[in-house]
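Worksheet: one structure, shown below.
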Amino acid sequence: MAKKIQSIRGMHDVLPEQTPLWQYLEQTVRDTLARYGYQEIRMPIVEVSELFSRAVGEVTDIVEKEMYAFTDRNGDRLTLRPEGTAGCVRAGIQHGLFFNQQQRLWYTGPMFRHERPQKGRYRQFQQIGVEAFGIASADIDAELITMTANLWQELGLKNVHLELNTLGDNQSRAIYRKALIDYFSQYNEQLDSDAKNRLHSNPLRILDSKNPKMREIVANAPDLYDYIDAESKAHFTELCHRLDTLGIAYSINSRLVRGLDYYSRTVFEWITTDLGAQGTVCAGGRYDGLVEQLGGRATSGIGFAMGVERLVSLLEDQADSVALNRLDAYLIMAGEEAQLAGMQLVEQLRQALPQLRILANCGGGSFKAQIKRADKSGATFALILGSNEVRDKTITIKSLRQKVAQESIAQDKVESFLSSTI
RNA sequence: GUGGGUGUAGCUCAGCUGGUAGAGCUCCGGAUUGUGAUUCCGGCGGUCGUGGGUUCAAGCCCCAUCAUCCACCCCA
(Lines give C-alpha, C1' and ligand atoms only; values in the text may rest on other atoms or scores of the structure.)
Protein backbone atom coordinates (compact mmCIF):
# COMPACT_ATOMS: atom_id res chain seq x y z
CA MET A 1 0.00 0.00 0.00
CA ALA A 2 1.10 3.51 -0.76
CA LYS A 3 1.95 5.91 2.01
CA LYS A 4 -1.05 7.51 3.68
CA ILE A 5 -1.42 11.25 3.64
CA GLN A 6 -2.95 12.84 6.72
CA SER A 7 -4.64 16.15 7.30
CA ILE A 8 -2.44 18.91 8.66
CA ARG A 9 -2.01 19.21 12.40
CA GLY A 10 -4.87 21.08 14.01
CA MET A 11 -7.00 20.98 10.84
CA HIS A 12 -9.83 18.51 11.03
CA ASP A 13 -12.46 16.95 8.82
CA VAL A 14 -16.06 17.34 9.90
CA LEU A 15 -17.47 13.87 9.29
CA PRO A 16 -20.99 12.97 8.07
CA GLU A 17 -21.99 11.99 11.59
CA GLN A 18 -21.30 15.55 12.70
CA THR A 19 -22.55 17.64 9.79
CA PRO A 20 -26.27 17.58 10.70
CA LEU A 21 -25.44 19.32 13.97
CA TRP A 22 -23.28 21.88 12.14
CA GLN A 23 -26.07 22.53 9.66
CA TYR A 24 -28.60 22.92 12.45
CA LEU A 25 -26.38 25.43 14.24
CA GLU A 26 -25.58 27.39 11.08
CA GLN A 27 -29.21 27.51 10.01
CA THR A 28 -30.37 28.70 13.43
CA VAL A 29 -27.77 31.46 13.42
CA ARG A 30 -28.66 32.49 9.87
CA ASP A 31 -32.35 32.71 10.75
CA THR A 32 -31.71 34.72 13.89
CA LEU A 33 -29.45 37.19 12.06
CA ALA A 34 -32.03 37.59 9.32
CA ARG A 35 -34.71 38.37 11.89
CA TYR A 36 -32.55 41.25 13.14
CA GLY A 37 -31.94 42.56 9.62
CA TYR A 38 -28.26 41.60 9.29
CA GLN A 39 -26.88 40.93 5.80
CA GLU A 40 -24.28 38.41 4.77
CA ILE A 41 -20.94 39.47 3.31
CA ARG A 42 -18.33 37.06 1.93
CA MET A 43 -14.66 37.92 1.91
CA PRO A 44 -11.57 36.11 0.60
CA ILE A 45 -9.69 33.85 2.98
CA VAL A 46 -6.35 35.32 1.94
CA GLU A 47 -5.43 38.98 2.43
CA VAL A 48 -2.20 40.96 2.31
CA SER A 49 -0.30 40.48 5.56
CA GLU A 50 -0.17 44.19 6.25
CA LEU A 51 -3.93 44.27 6.78
CA PHE A 52 -3.62 42.17 9.91
CA SER A 53 -0.52 43.78 11.33
CA ARG A 54 -2.23 47.16 11.02
CA ALA A 55 -5.65 46.05 12.28
CA VAL A 56 -4.93 43.45 14.92
CA GLY A 57 -1.74 45.06 16.19
CA GLU A 58 1.95 44.49 15.51
CA VAL A 59 2.80 43.18 18.98
CA THR A 60 -0.15 40.84 19.52
CA ASP A 61 0.41 37.09 19.75
CA ILE A 62 -1.66 36.60 16.63
CA VAL A 63 0.57 38.73 14.45
CA GLU A 64 3.85 37.92 16.16
CA LYS A 65 3.69 34.16 16.07
CA GLU A 66 0.39 32.73 14.91
CA MET A 67 -0.12 33.88 11.33
CA TYR A 68 -0.03 31.54 8.37
CA ALA A 69 1.96 33.95 6.22
CA PHE A 70 3.68 33.24 2.94
CA THR A 71 5.07 34.87 -0.16
CA ASP A 72 3.16 34.17 -3.35
CA ARG A 73 4.59 33.89 -6.87
CA ASN A 74 4.55 37.64 -7.31
CA GLY A 75 6.57 38.16 -4.15
CA ASP A 76 3.59 39.60 -2.25
CA ARG A 77 3.32 38.93 1.47
CA LEU A 78 -0.03 37.20 2.05
CA THR A 79 -1.73 35.69 5.08
CA LEU A 80 -4.50 33.19 5.72
CA ARG A 81 -6.90 35.30 7.75
CA PRO A 82 -6.57 34.80 11.53
CA GLU A 83 -9.86 36.63 12.20
CA GLY A 84 -12.63 38.24 10.20
CA THR A 85 -13.06 41.83 11.32
CA ALA A 86 -10.02 43.17 9.49
CA GLY A 87 -11.14 41.73 6.15
CA CYS A 88 -14.68 42.93 6.69
CA VAL A 89 -13.53 46.48 7.36
CA ARG A 90 -11.20 46.34 4.36
CA ALA A 91 -14.08 45.22 2.13
CA GLY A 92 -16.38 47.90 3.50
CA ILE A 93 -13.86 50.66 2.83
CA GLN A 94 -12.99 49.30 -0.61
CA HIS A 95 -16.63 49.24 -1.73
CA GLY A 96 -17.79 52.38 -0.01
CA LEU A 97 -20.20 50.66 2.34
CA PHE A 98 -19.45 52.96 5.25
CA PHE A 99 -19.90 56.34 3.64
CA ASN A 100 -22.67 57.99 5.70
CA GLN A 101 -24.31 54.62 6.12
CA GLN A 102 -25.22 52.16 8.78
CA GLN A 103 -24.35 48.56 8.00
CA ARG A 104 -25.29 45.43 9.89
CA LEU A 105 -23.20 42.60 8.46
CA TRP A 106 -22.27 39.01 9.16
CA TYR A 107 -20.01 36.35 7.64
CA THR A 108 -18.81 32.86 8.30
CA GLY A 109 -15.83 30.79 7.28
CA PRO A 110 -12.54 29.29 8.33
CA MET A 111 -9.86 31.23 10.21
CA PHE A 112 -6.24 30.15 10.70
CA ARG A 113 -3.89 30.49 13.64
CA HIS A 114 -0.67 28.57 14.11
CA GLU A 115 -1.14 27.67 17.78
CA ARG A 116 -0.67 24.44 19.67
CA PRO A 117 -4.00 22.64 19.31
CA GLN A 118 -6.03 21.63 22.35
CA LYS A 119 -9.65 21.13 23.29
CA GLY A 120 -11.71 23.80 21.55
CA ARG A 121 -8.70 25.31 19.82
CA TYR A 122 -7.63 24.37 16.32
CA ARG A 123 -5.34 25.76 13.65
CA GLN A 124 -8.18 25.94 11.18
CA PHE A 125 -11.41 26.84 12.90
CA GLN A 126 -14.78 28.17 11.91
CA GLN A 127 -16.11 31.52 13.07
CA ILE A 128 -19.38 33.30 12.58
CA GLY A 129 -18.69 37.02 12.77
CA VAL A 130 -21.16 39.87 13.12
CA GLU A 131 -20.30 43.57 12.69
CA ALA A 132 -22.30 46.79 12.89
CA PHE A 133 -20.90 50.00 11.40
CA GLY A 134 -21.84 53.63 11.62
CA ILE A 135 -23.63 53.57 14.96
CA ALA A 136 -21.84 55.20 17.87
CA SER A 137 -24.52 54.91 20.53
CA ALA A 138 -24.89 52.14 23.09
CA ASP A 139 -28.19 50.92 21.69
CA ILE A 140 -26.34 48.90 19.04
CA ASP A 141 -24.07 47.39 21.73
CA ALA A 142 -27.21 46.27 23.53
CA GLU A 143 -28.81 44.96 20.35
CA LEU A 144 -25.83 42.77 19.50
CA ILE A 145 -25.60 41.35 22.98
CA THR A 146 -29.35 40.75 23.18
CA MET A 147 -29.25 38.99 19.84
CA THR A 148 -26.61 36.56 21.09
CA ALA A 149 -28.59 35.93 24.28
CA ASN A 150 -31.64 35.09 22.17
CA LEU A 151 -29.55 32.83 20.02
CA TRP A 152 -28.43 30.75 23.02
CA GLN A 153 -32.05 30.42 24.01
CA GLU A 154 -33.00 29.36 20.50
CA LEU A 155 -30.24 26.73 20.55
CA GLY A 156 -31.11 25.54 24.03
CA LEU A 157 -27.64 26.39 25.34
CA LYS A 158 -27.29 26.45 29.10
CA ASN A 159 -24.40 27.40 31.34
CA VAL A 160 -23.15 30.37 29.36
CA HIS A 161 -22.72 33.68 31.15
CA LEU A 162 -21.93 37.15 29.98
CA GLU A 163 -18.96 39.23 31.11
CA LEU A 164 -18.71 42.91 30.30
CA ASN A 165 -16.12 45.63 30.55
CA THR A 166 -15.20 48.98 29.12
CA LEU A 167 -11.70 49.97 28.07
CA GLY A 168 -12.39 53.67 27.54
CA ASP A 169 -11.66 55.47 24.30
CA ASN A 170 -8.33 55.16 22.53
CA GLN A 171 -6.90 58.24 24.18
CA SER A 172 -7.73 57.32 27.76
CA ARG A 173 -6.52 53.82 27.10
CA ALA A 174 -3.17 55.21 25.94
CA ILE A 175 -2.86 57.28 29.10
CA TYR A 176 -3.74 54.32 31.28
CA ARG A 177 -1.22 52.20 29.41
CA LYS A 178 1.51 54.68 30.17
CA ALA A 179 0.49 54.80 33.84
CA LEU A 180 0.74 51.02 34.02
CA ILE A 181 4.18 50.98 32.43
CA ASP A 182 5.38 53.62 34.89
CA TYR A 183 3.93 51.70 37.81
CA PHE A 184 5.25 48.27 36.91
CA SER A 185 8.65 49.65 35.98
CA GLN A 186 9.22 50.48 39.67
CA TYR A 187 9.03 46.77 40.42
CA ASN A 188 11.20 45.71 37.51
CA GLU A 189 13.25 43.34 39.72
CA GLN A 190 10.20 41.50 40.99
CA LEU A 191 8.40 41.03 37.68
CA ASP A 192 8.31 37.51 36.30
CA SER A 193 9.47 36.86 32.76
CA ASP A 194 5.95 36.98 31.34
CA ALA A 195 5.33 40.34 32.88
CA LYS A 196 8.67 41.70 31.68
CA ASN A 197 7.83 40.66 28.15
CA ARG A 198 4.46 42.34 28.32
CA LEU A 199 5.62 45.50 30.04
CA HIS A 200 6.05 47.49 26.87
CA SER A 201 4.01 45.41 24.45
CA ASN A 202 0.74 44.87 26.31
CA PRO A 203 0.91 45.98 29.95
CA LEU A 204 -2.83 45.47 30.41
CA ARG A 205 -2.16 41.76 30.19
CA ILE A 206 0.00 41.85 33.31
CA LEU A 207 -3.18 42.51 35.27
CA ASP A 208 -4.31 39.05 34.24
CA SER A 209 -1.27 37.26 35.68
CA LYS A 210 -1.95 34.03 37.55
CA ASN A 211 1.36 34.12 39.34
CA PRO A 212 0.60 34.66 43.08
CA LYS A 213 3.78 36.70 43.55
CA MET A 214 2.59 39.09 40.90
CA ARG A 215 -0.82 39.48 42.44
CA GLU A 216 0.41 41.71 45.28
CA ILE A 217 1.99 44.08 42.81
CA VAL A 218 -1.06 43.95 40.59
CA ALA A 219 -3.38 44.67 43.52
CA ASN A 220 -1.96 48.16 43.95
CA ALA A 221 -1.69 48.96 40.27
CA PRO A 222 -3.56 51.95 38.86
CA ASP A 223 -7.23 51.28 38.34
CA LEU A 224 -8.51 51.37 34.79
CA TYR A 225 -11.69 53.10 35.83
CA ASP A 226 -9.81 56.12 37.16
CA TYR A 227 -8.55 56.78 33.65
CA ILE A 228 -11.66 56.25 31.61
CA ASP A 229 -13.07 59.32 29.92
CA ALA A 230 -16.49 60.62 30.90
CA GLU A 231 -18.10 59.82 27.58
CA SER A 232 -17.02 56.19 27.68
CA LYS A 233 -18.30 55.92 31.23
CA ALA A 234 -21.66 57.29 30.15
CA HIS A 235 -21.68 54.89 27.19
CA PHE A 236 -21.05 51.95 29.48
CA THR A 237 -23.68 53.03 32.00
CA GLU A 238 -26.18 53.37 29.19
CA LEU A 239 -25.37 49.87 27.92
CA CYS A 240 -25.77 48.33 31.38
CA HIS A 241 -29.04 50.16 31.84
CA ARG A 242 -30.38 48.83 28.56
CA LEU A 243 -29.34 45.28 29.38
CA ASP A 244 -31.05 45.57 32.76
CA THR A 245 -34.21 46.76 31.06
CA LEU A 246 -34.10 43.83 28.67
CA GLY A 247 -33.50 41.38 31.48
CA ILE A 248 -30.07 40.24 30.27
CA ALA A 249 -27.87 39.09 33.13
CA TYR A 250 -24.17 39.99 33.10
CA SER A 251 -21.24 40.47 35.39
CA ILE A 252 -18.74 43.27 35.08
CA ASN A 253 -15.18 42.02 34.91
CA SER A 254 -12.64 44.79 35.12
CA ARG A 255 -9.89 42.32 34.14
CA LEU A 256 -11.55 41.54 30.83
CA VAL A 257 -9.08 42.75 28.22
CA ARG A 258 -9.34 41.50 24.68
CA GLY A 259 -6.20 40.33 22.94
CA LEU A 260 -6.57 42.45 19.84
CA ASP A 261 -5.41 46.05 19.79
CA TYR A 262 -8.35 47.58 18.00
CA TYR A 263 -10.88 47.38 20.81
CA SER A 264 -12.09 50.45 22.63
CA ARG A 265 -14.98 51.06 25.03
CA THR A 266 -17.29 48.04 25.23
CA VAL A 267 -15.82 44.54 25.33
CA PHE A 268 -17.72 41.37 26.19
CA GLU A 269 -17.41 37.61 26.31
CA TRP A 270 -19.84 34.75 26.64
CA ILE A 271 -18.15 32.06 28.70
CA THR A 272 -19.02 28.48 29.60
CA THR A 273 -17.47 26.20 32.18
CA ASP A 274 -18.42 23.09 30.19
CA LEU A 275 -15.58 23.18 27.68
CA GLY A 276 -12.37 22.87 29.65
CA ALA A 277 -9.82 25.61 29.40
CA GLN A 278 -11.11 27.27 26.24
CA GLY A 279 -14.42 28.47 27.60
CA THR A 280 -15.04 31.55 25.49
CA VAL A 281 -17.79 30.75 23.06
CA CYS A 282 -18.47 34.21 21.71
CA ALA A 283 -16.55 37.43 22.19
CA GLY A 284 -16.28 40.89 20.80
CA GLY A 285 -16.37 44.58 21.39
CA ARG A 286 -16.35 48.07 19.99
CA TYR A 287 -13.60 49.27 17.64
CA ASP A 288 -14.37 52.89 16.89
CA GLY A 289 -10.91 53.71 15.53
CA LEU A 290 -10.40 50.78 13.21
CA VAL A 291 -12.03 52.01 10.02
CA GLU A 292 -9.99 55.19 10.08
CA GLN A 293 -6.86 53.27 10.98
CA LEU A 294 -7.30 51.16 7.85
CA GLY A 295 -7.69 54.17 5.61
CA GLY A 296 -11.42 54.83 5.67
CA ARG A 297 -13.26 57.85 6.95
CA ALA A 298 -13.77 57.69 10.72
CA THR A 299 -16.68 55.34 11.38
CA SER A 300 -17.64 53.63 14.58
CA GLY A 301 -17.90 49.87 14.64
CA ILE A 302 -18.74 47.03 16.95
CA GLY A 303 -18.80 43.30 16.45
CA PHE A 304 -18.25 39.84 17.81
CA ALA A 305 -17.28 36.37 16.70
CA MET A 306 -18.56 32.95 17.68
CA GLY A 307 -16.41 29.83 17.61
CA VAL A 308 -18.43 27.24 15.72
CA GLU A 309 -16.45 24.19 16.91
CA ARG A 310 -16.95 25.27 20.51
CA LEU A 311 -20.67 25.79 20.05
CA VAL A 312 -21.03 22.44 18.28
CA SER A 313 -19.16 20.76 21.08
CA LEU A 314 -21.52 22.34 23.63
CA LEU A 315 -24.57 21.32 21.62
CA GLU A 316 -23.52 17.69 21.47
CA ASP A 317 -22.88 17.59 25.20
CA GLN A 318 -26.11 19.30 26.08
CA ALA A 319 -28.71 16.57 26.26
CA ASP A 320 -31.56 17.56 23.96
CA SER A 321 -29.76 17.18 20.68
CA VAL A 322 -32.20 16.92 17.86
CA ALA A 323 -32.95 14.01 15.56
CA LEU A 324 -31.58 15.55 12.41
CA ASN A 325 -31.50 14.55 8.77
CA ARG A 326 -33.82 11.62 9.28
CA LEU A 327 -34.59 9.42 6.28
CA ASP A 328 -38.24 8.77 5.53
CA ALA A 329 -37.88 5.63 3.50
CA TYR A 330 -35.47 3.02 2.14
CA LEU A 331 -36.32 1.26 -1.09
CA ILE A 332 -35.52 -2.44 -1.23
CA MET A 333 -35.43 -4.07 -4.67
CA ALA A 334 -35.19 -7.82 -5.10
CA GLY A 335 -34.51 -9.13 -8.58
CA GLU A 336 -33.57 -7.52 -11.87
CA GLU A 337 -37.08 -6.56 -12.85
CA ALA A 338 -37.66 -4.91 -9.50
CA GLN A 339 -34.45 -2.91 -9.80
CA LEU A 340 -35.55 -1.34 -13.07
CA ALA A 341 -39.10 -0.75 -11.92
CA GLY A 342 -37.91 0.54 -8.55
CA MET A 343 -35.61 3.17 -10.02
CA GLN A 344 -38.49 4.51 -12.10
CA LEU A 345 -40.83 4.53 -9.14
CA VAL A 346 -38.41 6.26 -6.81
CA GLU A 347 -37.73 9.03 -9.31
CA GLN A 348 -41.47 9.61 -9.71
CA LEU A 349 -41.82 9.84 -5.96
CA ARG A 350 -38.98 12.33 -5.66
CA GLN A 351 -40.58 14.54 -8.31
CA ALA A 352 -44.00 14.37 -6.73
CA LEU A 353 -42.80 14.83 -3.13
CA PRO A 354 -39.89 17.26 -2.93
CA GLN A 355 -39.80 16.93 0.86
CA LEU A 356 -39.43 13.17 0.76
CA ARG A 357 -36.12 11.76 1.86
CA ILE A 358 -35.74 8.38 0.31
CA LEU A 359 -32.68 6.24 -0.17
CA ALA A 360 -32.73 3.60 -2.91
CA ASN A 361 -30.69 0.47 -2.38
CA CYS A 362 -27.68 0.26 -4.66
CA GLY A 363 -25.03 -2.39 -5.06
CA GLY A 364 -27.38 -5.35 -4.81
CA GLY A 365 -27.19 -7.63 -1.83
CA SER A 366 -29.46 -10.34 -0.58
CA PHE A 367 -32.95 -9.53 0.60
CA LYS A 368 -31.82 -9.95 4.18
CA ALA A 369 -28.86 -7.65 3.63
CA GLN A 370 -31.09 -4.97 2.15
CA ILE A 371 -33.48 -5.11 5.09
CA LYS A 372 -30.53 -4.75 7.44
CA ARG A 373 -29.27 -1.74 5.53
CA ALA A 374 -32.74 -0.24 5.65
CA ASP A 375 -32.82 -0.64 9.40
CA LYS A 376 -29.35 0.79 9.82
CA SER A 377 -30.12 3.79 7.62
CA GLY A 378 -32.52 5.03 10.27
CA ALA A 379 -35.39 5.25 7.77
CA THR A 380 -38.94 5.23 9.08
CA PHE A 381 -40.24 2.86 6.41
CA ALA A 382 -38.86 0.16 4.18
CA LEU A 383 -40.50 0.06 0.76
CA ILE A 384 -40.21 -3.45 -0.62
CA LEU A 385 -40.33 -4.18 -4.31
CA GLY A 386 -39.86 -7.79 -5.39
CA SER A 387 -41.11 -9.96 -8.22
CA ASN A 388 -44.53 -10.38 -6.58
CA GLU A 389 -44.98 -6.65 -6.25
CA VAL A 390 -43.81 -5.97 -9.79
CA ARG A 391 -46.26 -8.54 -11.08
CA ASP A 392 -49.20 -7.14 -9.06
CA LYS A 393 -48.18 -3.47 -9.43
CA THR A 394 -48.06 -3.15 -5.65
CA ILE A 395 -45.46 -2.25 -3.09
CA THR A 396 -44.99 -3.55 0.43
CA ILE A 397 -44.59 -0.99 3.16
CA LYS A 398 -42.96 -2.06 6.36
CA SER A 399 -42.59 0.16 9.39
CA LEU A 400 -39.09 -0.15 10.76
CA ARG A 401 -39.71 1.82 13.93
CA GLN A 402 -43.09 0.58 15.11
CA LYS A 403 -44.49 -2.87 15.66
CA VAL A 404 -47.32 -2.81 13.15
CA ALA A 405 -48.09 -5.34 10.45
CA GLN A 406 -46.62 -4.54 7.06
CA GLU A 407 -49.09 -3.78 4.33
CA SER A 408 -49.18 -4.11 0.60
CA ILE A 409 -50.65 -1.24 -1.40
CA ALA A 410 -51.06 -0.37 -5.06
CA GLN A 411 -48.07 1.45 -6.53
CA ASP A 412 -50.19 4.42 -7.53
CA LYS A 413 -51.18 4.86 -3.88
CA VAL A 414 -47.62 5.11 -2.50
CA GLU A 415 -47.39 8.80 -3.15
CA SER A 416 -50.46 9.65 -1.10
CA PHE A 417 -49.43 7.22 1.62
CA LEU A 418 -46.02 8.85 1.98
CA SER A 419 -47.29 12.40 1.71
CA SER A 420 -49.59 11.79 4.66
CA THR A 421 -46.82 10.42 6.87
CA ILE A 422 -43.88 12.74 6.22
C1' G B 1 6.81 27.96 21.87
C1' U B 2 6.75 24.78 26.98
C1' G B 3 5.03 20.39 29.87
C1' G B 4 2.43 15.61 30.58
C1' G B 5 -0.63 11.32 28.59
C1' U B 6 -1.64 8.16 24.27
C1' G B 7 -0.55 5.64 19.15
C1' U B 8 -1.83 -2.55 18.01
C1' A B 9 -7.75 -4.54 12.38
C1' G B 10 -12.61 0.42 9.72
C1' C B 11 -14.17 1.35 15.43
C1' U B 12 -13.30 0.14 20.99
C1' C B 13 -9.40 -2.27 23.18
C1' A B 14 -6.36 -6.99 25.22
C1' G B 15 -1.34 -8.64 24.58
C1' C B 16 2.39 -11.57 31.17
C1' U B 17 9.59 -11.02 33.46
C1' G B 18 11.28 -9.50 25.38
C1' G B 19 10.01 -15.70 22.28
C1' U B 20 7.93 -12.53 15.26
C1' A B 21 -0.26 -10.92 17.07
C1' G B 22 -5.89 -11.65 19.72
C1' A B 23 -11.19 -10.32 21.28
C1' G B 24 -15.70 -7.61 20.73
C1' C B 25 -18.31 -4.48 17.33
C1' U B 26 -18.84 -3.33 12.02
C1' C B 27 -18.96 -5.45 6.99
C1' C B 28 -19.92 -9.92 3.62
C1' G B 29 -21.94 -14.99 3.33
C1' G B 30 -24.71 -19.13 5.50
C1' A B 31 -28.23 -21.70 9.15
C1' U B 32 -33.83 -19.41 7.33
C1' U B 33 -35.18 -19.86 -2.02
C1' G B 34 -38.50 -12.61 0.18
C1' U B 35 -38.25 -9.85 6.24
C1' G B 36 -34.16 -5.86 10.23
C1' A B 37 -31.96 -4.69 17.03
C1' U B 38 -31.75 -12.08 19.39
C1' U B 39 -28.81 -16.89 18.57
C1' C B 40 -25.17 -20.05 16.04
C1' C B 41 -21.35 -21.00 12.07
C1' G B 42 -17.88 -19.22 8.44
C1' G B 43 -15.15 -15.31 5.85
C1' C B 44 -12.70 -10.36 4.73
C1' G B 45 -9.50 -7.39 7.55
C1' G B 46 -2.50 -5.89 10.48
C1' U B 47 4.77 -4.04 7.25
C1' C B 48 1.84 -3.23 15.95
C1' G B 49 2.28 5.52 13.85
C1' U B 50 7.22 6.15 11.17
C1' G B 51 12.72 5.69 11.10
C1' G B 52 16.92 4.06 13.55
C1' G B 53 19.38 1.26 17.73
C1' U B 54 20.18 -2.86 21.54
C1' U B 55 19.38 -8.34 21.23
C1' C B 56 20.01 -15.00 18.88
C1' A B 57 14.99 -12.77 19.09
C1' A B 58 11.35 -6.33 19.86
C1' G B 59 4.18 -4.79 19.84
C1' C B 60 7.08 -4.75 24.62
C1' C B 61 13.64 -1.97 26.04
C1' C B 62 16.54 2.76 24.14
C1' C B 63 16.83 7.19 20.77
C1' A B 64 14.63 10.27 17.21
C1' U B 65 10.43 11.83 14.61
C1' C B 66 5.19 12.46 13.34
C1' A B 67 0.21 12.53 14.88
C1' U B 68 -3.40 12.92 18.68
C1' C B 69 -5.39 14.29 23.58
C1' C B 70 -4.99 17.55 27.89
C1' A B 71 -2.82 21.74 30.24
C1' C B 72 0.36 26.41 30.14
C1' C B 73 0.72 30.77 26.98
C1' C B 74 -3.02 32.95 24.12
C1' C B 75 -7.66 32.98 22.01
C1' A B 76 -13.30 31.89 18.94
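Lettering follows sequence order; numbering is per chain, from 1.
A salt bridge links A:R121 with A:E115: the distance from a Lys NZ or Arg NE/NH1/NH2 to an Asp or Glu carboxylate oxygen falls below 4.0 Å. The residues A:E40 and A:R42 are annotated as salt-bridged, a charged nitrogen and a carboxylate oxygen being separated by less than 4.0 angstrom. A:R401 and A:D375 are joined by a salt bridge, as a carboxylate oxygen and a charged side-chain nitrogen come within less than 4.0 angstrom of each other. A salt bridge is defined here as a Lys NZ or Arg NE, NH1 or NH2 lying under 4.0 Å from an Asp or Glu carboxylate O, and A:R104 with A:E143 meets this definition. A salt bridge links A:R90 with A:E47: the closest approach of a Lys/Arg side-chain nitrogen to an acidic carboxylate oxygen falls below 4.0 angstrom. Using a 4.0 Å cut-off between charged side-chain N and carboxylate O, A:E309 and A:K119 make no salt bridge.
Counting any heavy atom pair closer than 4.0 Å across all strands shown, A:G284 reaches no nucleic acid atom. Residue A:E389 is classed as a base contact, given a heavy-atom separation below 4.0 Å to a base. Across all strands shown, A:A382 has no heavy atoms under 4.0 Å from either base or sugar-phosphate atoms. Among the atoms of the strands shown, only primed sugar atoms or phosphate atoms (P, OP1, OP2) are found under 4.0 Å from some heavy atom of A:R373. Within 4.0 Å of A:A283, counting heavy atoms only, lie sugar-phosphate atoms of the nucleic acid but no base atom. If you check every strand for non-hydrogen atoms under 4.0 Å, A:V281 touches sugar and phosphate atoms only. Heavy atoms of A:K398 sit under 4.0 angstrom from at least one base atom. A:S387 comes within 4.0 angstrom of a base, heavy atoms only. Counting any heavy atom pair closer than 4.0 Å across all strands shown, A:G364 reaches no nucleic acid atom. When heavy atoms are screened at a 4.0 angstrom cut-off, A:Y330 is found touching no nucleic acid atom at all. When heavy atoms are screened at a 4.0 angstrom cut-off, A:I128 is found touching no nucleic acid atom at all.
The C1' atoms of B:G52 and B:A58 are separated by 13 Å, rounded to the nearest whole Å. A gap of 23 Å separates the P atoms of B:U47 and B:C66, to the nearest Å. Between B:U39 and B:A71, the distance separating the two C1' atoms is 48 Å to the nearest Å. Between B:G10 and B:U6, the two P atoms lie 23 Å apart (nearest whole Å). Only the P atoms considered, B:G15 is 15 Å distant from B:G49, to the nearest whole Å. The same atom, C1', is picked in B:G46 and in B:U2; the two are 36 Å apart, to the nearest Å. Rounded to the nearest Å, the gap between the P atom of B:C56 and that of B:C69 is 41 Å. B:C44 sits 35 Å from B:C61 when the C1' atoms are compared, rounded to a whole Å.
Between B:G36, B:A76, B:U35, one nucleotide has an atom nearer to the side chain of A:F125 than all others, and that is B:A76. Taking only side-chain atoms of A:E115, from C-beta outward, the nucleotide of B:A71, B:A76, B:G34 with the closest atom is B:A76. Here B:A67 is the nucleotide among B:C72, B:A67, B:U35 with the atom lying nearest to any side-chain atom of A:Q6. Listed candidates were B:G36, B:A71, B:U68. Nearest to the side chain of A:L400 is B:G36. Distance from the side chain of A:K372 is smallest for B:A37 among the nucleotides B:U35, B:A37, B:A76. Between B:G1, B:C75, B:C27, one nucleotide has an atom nearer to the side chain of A:R116 than all others, and that is B:G1.
You won't find any donor-acceptor pair under 3.5 Å spanning the side chain of A:Q406 and the base of B:G36, going by distance alone. Donor-acceptor pairing under 3.5 Å, judged by distance alone, is absent between the side chain of A:Q127 and the base of B:C75. For B:U35, its base never sits under 3.5 Å from the side chain of A:Q370 at any donor and acceptor pair. On a pure distance criterion of 3.5 Å, a polar donor-acceptor pair joins the side chain of A:R121 and the base of B:C73. Counting distance only, with no hydrogens placed and no angle test, the side-chain atoms of A:K368 and the base atoms of B:U35 include no donor-acceptor pair under 3.5 Å. One can find a donor-acceptor pair under 3.5 Å joining the base of B:C75 and the side-chain atoms of A:R310.
For the OP1/OP2 pair of B:A71 and a distance below 4.0 Å, the side-chain nitrogens and oxygens of A:Q118 include at least one atom meeting the criterion.
Summarising the base pairing, B:U39 is matched to B:A31 through a Watson-Crick or G-U wobble pair whose two defining distances lie under 3.5 Å. With a cut-off of 3.5 Å on both pairing distances, B:G46 has no Watson-Crick or G-U wobble partner at all. With a cut-off of 3.5 Å on both Watson-Crick or G-U wobble distances, the partner of B:C61 is given as B:G53. Using the Watson-Crick or G-U wobble rule with both distances under 3.5 Å, B:A67 pairs with B:U6. Pairing of B:C16, defined by two Watson-Crick or G-U wobble distances under 3.5 Å, is not identified with any nucleotide.
Spacing between atom CD of A:E17 and atom P of B:C11 amounts to 13 Å, rounded to whole angstrom units. Atom pair A:K403:NZ and B:A37:C1' shows a separation of 11 Å (rounding to whole Å applied). Distance, A:W22 CH2 to B:A76 C1': 11 Å, rounded to whole Å. Taking atom OH of residue A:Y263 and atom P of nucleotide B:C75, one finds them 10 Å apart after rounding to whole Å. Following rounding to the nearest Å, A:D375 (CG) and B:U35 (P) show an atom-to-atom distance of 15 Å. To the nearest angstrom, P of B:A76 lies 18 Å from NE2 of A:H114. If you take CD1 of A:I8 and P of B:A67, they are 10 Å apart, rounded to a whole angstrom. The separation between A:I5 atom CD1 and B:C66 atom P is 17 Å, rounded to whole Å.
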Would A:T266 and A:D141 satisfy side-chain hydrogen bond (donor to acceptor under 3.5 Å, both in side chains), going step by step from the backbone distance to the final call?
-> CA-CA 8 Å; A:T266 311; A:D141 305 35; 2.7 Å; yes
Steps toward side-chain hydrogen bond (donor to acceptor under 3.5 Å, both in side chains) verdict (A:D31, A:T28) = CA-CA 5 Å; A:D31 291 347; A:T28 307; 5.9 Å; no
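Residues A:E131 and A:Y287 form a side-chain contact, since some pair of their non-hydrogen atoms from C-beta on lies under 4.5 Å apart.
Looking at which nucleotide of RNA chain B each of A:G307 and A:M11 is closest to, the 5′-most match is held by A:M11. Two residues, A:Q402 and A:S7, neighbour RNA chain B, and the one matched to the more 5' nucleotide by heavy-atom proximity is A:Q402.
Checking A:S172 against A:D169 by side-chain atom types alone, a donor-acceptor pair falls below 3.5 Å.
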